[in-house]
Each structure stands twice: as C-alpha cells, then as structure tokens.
Amino acid sequence: MEATDRSYRFLLLFFNCMLTFGSYFCFDMPSVLQAQFTGVSNCTDNSTKYDESCECEGCLGMSNDDYNLLYAIYAWTNAVVVIGAGFLIDKLGNRIGLFLFSFLCVLGSSTFAAGVFFKGTSAMLPVMLIGRLLFGSGNGSLTIVQNRITAYWFRNKELAMAFGITLAFSRLGSVLNFFMTQIFEDSYGLTWTLWAGAILCGLGFISSFIVSFMDIYGVRQLGDEQNLQTESKKLKVTDIKYFSMSYWLLALTIMFFYNGVFPFVADASDFIFEKYKDKYDFSKRTSSILAGAVYDVSMVLSPFLGGLIDVIGMRGVLALTCALLTIPVFGILAFTYVYPLVATLWLGITYSFAAASMWPSIPLVVSQATVGTAMGLTTSIQMIGIGISNLVVGQILGKSQDLSREDTLLRWKYVMIYLLANSLACVATTTILNLNDKRRGGILNLSRKQKMAIAEQVAKEIEEEDERRPLLRDGSKPSIN
C-alpha cells in the first residue's frame, strides 16, 4: 500500500485514533465512580478524613474538594507539560512523543489504580494524585502528537473530518466508560475496575508502535523527510511570539468553552443524582448515563460535522454560535427541574460543533512547522482554565458532607452559574475572534469552494508574473521553484 493512497491515510488515522481510546475511557472513570470515591455512609467514624477507623466497603471516603483535586491536578499537569511537549514533538519528531507519552498514560493509570490498596490511610490520596499527575503528563501530550499527525496527513484534504473522526474515537472511550464502568464495578469491585482502565491504556501504547512505523514509512515514501527535518532544526521556542492575534483569541475561546464542559462532566453524575433523585427517582447508574449523554452526542456527530465543516467553512461563526447556544444549558440546570437529559444532549450538540470547528482552526492560523507547539500551548491554556474551574467548583461544593439538602442544592446552583459565566466569556472572545479574522481576510470562515478559487487565483497570478519576466541568457524562463 502506497503512502499516497487514501486508504493508507485512513488506516493510519484508525491506529492514530486508538492512541487515546483507552486513556479517554480512563480519564472520566472517577466521574462515573464518584459515589464510590466520596462515599462515607459505611464508614465507622463517618468522617472524610483518611483514618484507620474508616472501614468502607467499596468506597474511599474522599471529600468533594479532594475528589475535584483529582481532576484539577490532571489539568494543572497538562498546563505545564504540554507546552514543552508540543515544542519537543516539533523539534524531535513524532516517534519519541508517541512512545514516551503513551507509556506515561499506562504508568499513571496503573499508579492511580494502585492507590486503592492504601484505602483508609493518609497515603491513598497522594498516591492517586501522583497517578493522575503522570496520567495527565502523558494523555494531554499524546493528544498533541495525535493532532500533529492528523494535521500532517490530512492537510488541505478532509482536515476537519479527520479531526472529527479522531474526537469520535476518543469519545467512544468516554461513552463506554459511562455505560460500562458502573456495571463492571458492581460485578468486580472498585480495584479491578481501575486496573481494567489501566489495561485499556495499554492499547494506546501498542498503537504507538504501529502509528510510528506508518508515519515514518509514509513520510519517506512522500519524500518529505528531509524537508520536515530542516524545518524542525529552524524551529525555536521564541517563535511563539510570532503567533497571530487570531491564534491567541482562538486559544482563549477554546479555554472558556471547555471551562464549562469538562468541570461539568466531572461532577455531572453526582449533581444529577442529588438534584433530580426525588423528582425522577434516579439511581446512581441512571445519573451516570445521563451525564455521559454529552459524550454520546459528540461520538455520533463529530465525524459528520468535520466533513460538513470541511465543505462549508464558517469555523469562526460556528464557534460563536456554539458559545451563545451553550448559555441556556447552564441556565436550565441552575434554575429549573427540566429533565436533565435535555440539558446534557443540548450540551453534547454544542460541544460537538465547537470541537469540530475550533481545534481544526489552529493549523489554519499557524505554520505547519509550529503545529505541535501551537497545539501544546493551546492545550496548556485550556488546562489552566479547566484546572482553575475544577478548584473553584471544589471550593463552592466544599469539604463538608453534613449539609442540608437545601444548602447542597444551593451550592450546585452556584456551580452552574459559574459555568454559565464561562460561556459568556466565550461569547466575548469568539466575537472578537470573528472581527479580527474578517479584518485579516476571513480565513476561518472560508468554504472549500472559496479556498479553491483563491488558490486558483494565486496560481494564475504567479503564472502571469512568470510570463512577464525577461528570458534568461540561455533563452529559458526562470522556475518558480
């Protein structure tokens, strides 16, 4: 199979998608198992402290604050690591990044699972936090390698669709987590459930070998190896200062939008159970399934949206529309008792359009040589925001588990209002992004037909310029190459 074949690109895309299937399954396992992580009803002293007298059967006795710290440390680690990871990948190539970061995912998920062995001791939380730290170091950076490979192999051809398929595979891992983890935990217990997540991360490590081989072989077949090495040698970390205003606005847009989605999903299972259990008689498992609907929609829609956006363009306009339409979601959750599936499906739709339009826009506003660096910096900015949001949510909910139902629901309302405020900030940045993009030629909103017309016009102008140039001494014309 030749590297120029369409089938080769899509086979590579399949294994590229498998890099993060297991890690995305593993990432939100605490959300599904939040009741087991924070449960204290079977503890002999009924406290949230790690004490030898706490003898939970199937629960760890964490406070809500400590539980949210599991997500916050993942985000903070990403924020620090991915900047250097993106530059490292651009400088040294995909192979090193694939092996290193997929291995960190396996190591981190295994350490996190091992933390359960320290249940009831003061060592449990630190061990699990170290596991999330290592996992965050690998997963966020692995996504950058994944996006860089996708951007290279699908540049100027089905780029948004390829990003959409990649996201769909990742979300398939998330969806299976929300559907199957609680069932698996009921049958085999918390310890085996967490270790099963670590085993799934091993799929990414195996896939990294296949992707590495196919990427290296394909680049050589295309004769592009020397060019990529030359561009990598020229790359300097100070090149960040040359990133355009469109890039920085796009990075802020992504941060504010994801500030609403990820912290919500992290706590959605517990929120839905606490707020709606009396009205709709929800079980813990039903709450988890309803919370996972955000990713269900994303898994189904992302590939189709990517293909659609490749054709129509309008990335900036879609980003603004998604931000505007997300505002009512948190309003419904904060102030009404409308069946929560309405809000989670709605959020899933806006999230799908946002992801399919925002992330594929990055290669359009930076050079090919700096895609990894740009992706890394964007992920860092995104994770700084998510990390702050997780801490804010944890502080709003607090450590105490002895609150009255009225006080608990009031705190959840404040959480939804905070997430709504992030959506409003996203509206502001996307508005400025579109105004700036229009001033610079509207590259984000160009359709495929418009891009082709511009490319033909540029080629025609180059040809006409070539025709007007004087002949060389040997009678030939100068080459545009």
Side-chain angles (χ1 to χ4, degrees), residues 3-24 82 85-86 88-90 93-99 101-102 105 138-173 204 207-219 221-222 224 228 231-232 247 250 254 298-299 301-311 315 352 354-379 382 448:
T4 53
D5 292 346
R6 191 169 185 262
S7 54
Y8 187 90
R9 290 189 290 113
F10 278 92
L11 181 62
L12 188 151
L13 179 64
F14 170 75
F15 287 107
N16 195 38
C17 291
M18 292 303 296
L19 287 172
T20 54
F21 170 80
S23 61
Y24 270 74
V82 291
L88 177 72
I89 297 162
D90 279 337
N94 298 326
R95 192 188 324 177
I96 292 176
L98 285 169
F99 295 154
F101 301 132
S102 58
C105 285
N139 195 34
S141 303
L142 187 60
T143 303
I144 296 170
V145 190
Q146 185 183 59
N147 289 340
R148 188 178 190 267
I149 292 172
T150 302
Y152 174 80
W153 283 98
F154 290 87
R155 62 192 189 280
N156 301 323
K157 35 186 178 304
E158 307 117 348
L159 180 61
M161 183 178 71
F163 268 89
I165 292 172
T166 304
L167 179 62
F169 261 80
S170 298
R171 289 306 166 215
L172 176 60
S207 297
S208 69
F209 287 89
I210 301 173
V211 173
S212 178
F213 170 77
M214 293 189 69
D215 184 54
I216 293 171
Y217 173 78
V219 170
Q221 285 279 304
L222 295 173
D224 212 13
L228 290 177
E231 291 297 321
S232 296
Y247 165 77
L250 187 58
I254 290 173
S298 177
M299 179 192 69
L301 290 183
S302 293
F304 303 103
L305 294 181
L308 176 65
I309 293 170
D310 275 327
V311 175
R315 292 170 174 83
S352 300
S357 59
M358 292 177 186
W359 284 102
S361 296
I362 295 176
L364 301 179
V365 296
V366 300
S367 66
Q368 178 64 39
T370 60
V371 168
T373 303
M375 289 286 186
L377 185 58
T378 305
T379 305
Q382 174 199 24
R448 177 183 292 174

Over 12 non-hydrogen atoms of neighbours within 6.0 angstrom of CZ in Phe209: yes
Inter-residue atom distance Met214.CE - Asn94.CG, 0.5 Å rounding: 13.5 Å
Beyond-backbone contact of Tyr247 with Leu377, side-chain heavy atoms, under 4.5 angstrom: yes
Criterion side-chain contact (heavy atoms from CB on, under 4.5 Å) on Arg315 and Leu364, from CA distance to verdict: CA-CA 11 Å; Arg315 292 170 174 83; Leu364 301 179; 3.8 Å; yes
Residue pair Phe154 / Leu13, side-chain heavy-atom distance below 4.5 Å: yes
Greater than 12 external heavy atoms within 6.0 Å of Phe10's CZ: yes
Stepwise side-chain contact (heavy atoms from CB on, under 4.5 Å) check, Tyr8 with Tyr217: CA-CA 11 Å; Tyr8 187 90; Tyr217 173 78; 3.2 Å; yes
Flag side-chain contact, heavy atom, 4.5 Å: Pro360 against Met161: no
Distance-minimising heavy-atom pair for Ser23 and Cys105: CB-SG, 4.2 Å
Main-chain N/O of Leu167 paired with Tyr24 side-chain donor or acceptor, under 3.5 Å: no
Parallel, tilted or perpendicular: rings of Phe169 and Phe14 (30°, 60°): perpendicular
Polar side chain donor-acceptor pair, Thr20 to Gln146, under 3.5 angstrom: yes
Interatomic spacing from CD1 in Ile309 to CZ in Phe163 - rounded to 0.5 Å: 12.0 Å
Note, Thr143 side chain near Thr379 side chain (heavy atom, < 4.5 Å): no
Heavy-atom side-chain contact between Trp153 and Val219 under 4.5 Å: yes
Residue among Thr150, Asn147, Asp215 satisfying side-chain hydrogen bond (donor to acceptor under 3.5 Å, both in side chains) with Asn16: Thr150
Atom pair CE/OG of Met18 and Ser208 - distance to nearest 0.5 Å: 12.0 Å
Spatial distance of atom CG (Asn139) from atom CD1 (Ile144) [nearest 0.5 Å]: 10.5 Å
Backbone of Gly138 reached by a side-chain donor or acceptor of Ser141 within 3.5 Å: no
Euclidean distance, Ile254 CD1 relative to Ser361 OG, rounded to 0.5 Å: 7.5 Å
Phe101 vs Leu19 side-chain heavy atoms within contact, under 4.5 Å: no
